[in-house]
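These notes are about the structure you will find just below.
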Amino acid sequence: MMEMVVALAIFGILLLVLTSLEKQFVQLQLRSRANLMKHPETSAVLSRARKDILDSSGYPEKHLDFVQGPSVLLLSSKDAEGQPAVIVYDFRTGATARRITYSGEVVTSEWTARGVPRYRIEDFEMPDGGVAVRLQAFDFVKTKSGTEVERLVLDQITEPRAGG
Amino acid sequence: MKSSRGLTVVEVLVSLLILSFIVTTSLAIFFDRHDRLERAGQVVRAYQALANEAEVIRHVPFIELEPGESTTFQSGRAILYGFPDLETVVRIQETSIGLKEVLLTVRWNRGQRSAALTVLRTDTGGGQLW
């Protein structure tokens, strides 16, 4: 009888540990801004975009079917050989982020990140009159009541350094 | 003859004591980890806000950087949503002729937590360094 009581008590303690860990995990999911379990490539997109914006020399209004807007970022840049290039960040699908490099109308490289939060692009006017790119990422987070709310998880302001 | 005697009360009590010590220590570590993760997330967001404000400060004309203190982040504070007792400070000092130090600070949790970034600006005569 005693052995059974002790065994059940130990089992109960283990269950307590497991449930408290699970509770913590759920709380962490609720509180954390960028859900990196769901969006593993978030930082890859941000770092590439930051480098591309720093190296760019302007923002073309349009390139082929792409039009500059809240979900499409167009950057004038140069390729590895120093030839003019246009870099396109396409966030229109929501679930993916595409980076396409064009030399004229020819695609020279394409990279797609899957599992990303929803990105939004805004222009941000600097005090000296320059225009920076404000790249924001939004995640949908479940609240305790079960409803999904949109939450700002990343915010990055970058202005080109190339100086034309 | 093989002894069939069980454990004494003292042995059982000592075992339970050791077991409860291990369990309580493990739980304390896990709860502490939760708090640390939350604090780390806040620090990451605080530095995002600081980096954005530093980017803006780099583009303020040198002559317009008036020495003094203000609480406004021109880049906004949306990313700092949910910080308890949030306070932002921009302090500008002219440390020598042609050199200004801009200290950007984010404080929260009644000043118990903070993150700061210093931007040094020099008078380049109006042009940019890049």
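To find a chain, count down the sequence lines: A is the first, B the second, and so on, and within it residues start at 1.
Proximity to chain A is absent for every atom of B:Ile57, based on heavy atoms less than 4.5 angstrom apart. Heavy atoms of B:Gln74 lying under 4.5 Å from chain A belong to its backbone as well as its side chain. B:Val56 touches chain A through backbone and side chain together, each having a heavy atom under 4.5 Å away.
The CZ atom of A:Phe124 sits 4.0 Å away from atom CD1 of A:Ile157, with the distance rounded to the nearest 0.5 Å.
Most heavy-atom pairs under 4.5 Å with chain B: of the set A:Leu21, A:Val6, A:Thr158, this distinction falls to A:Leu21.
A salt bridge between B:Lys100 and B:Glu64 is absent, with no side-chain N of the basic residue lying under 4.0 Å from a carboxylate O of the acidic one. The existence of a salt bridge linking A:Lys51 and A:Asp55 is confirmed by a sub-4.0 Å separation between a basic side-chain nitrogen and an acidic carboxylate oxygen. The pair A:Glu150-A:Arg118 counts as a salt bridge, with a side-chain nitrogen and a carboxylate oxygen less than 4.0 angstrom apart.
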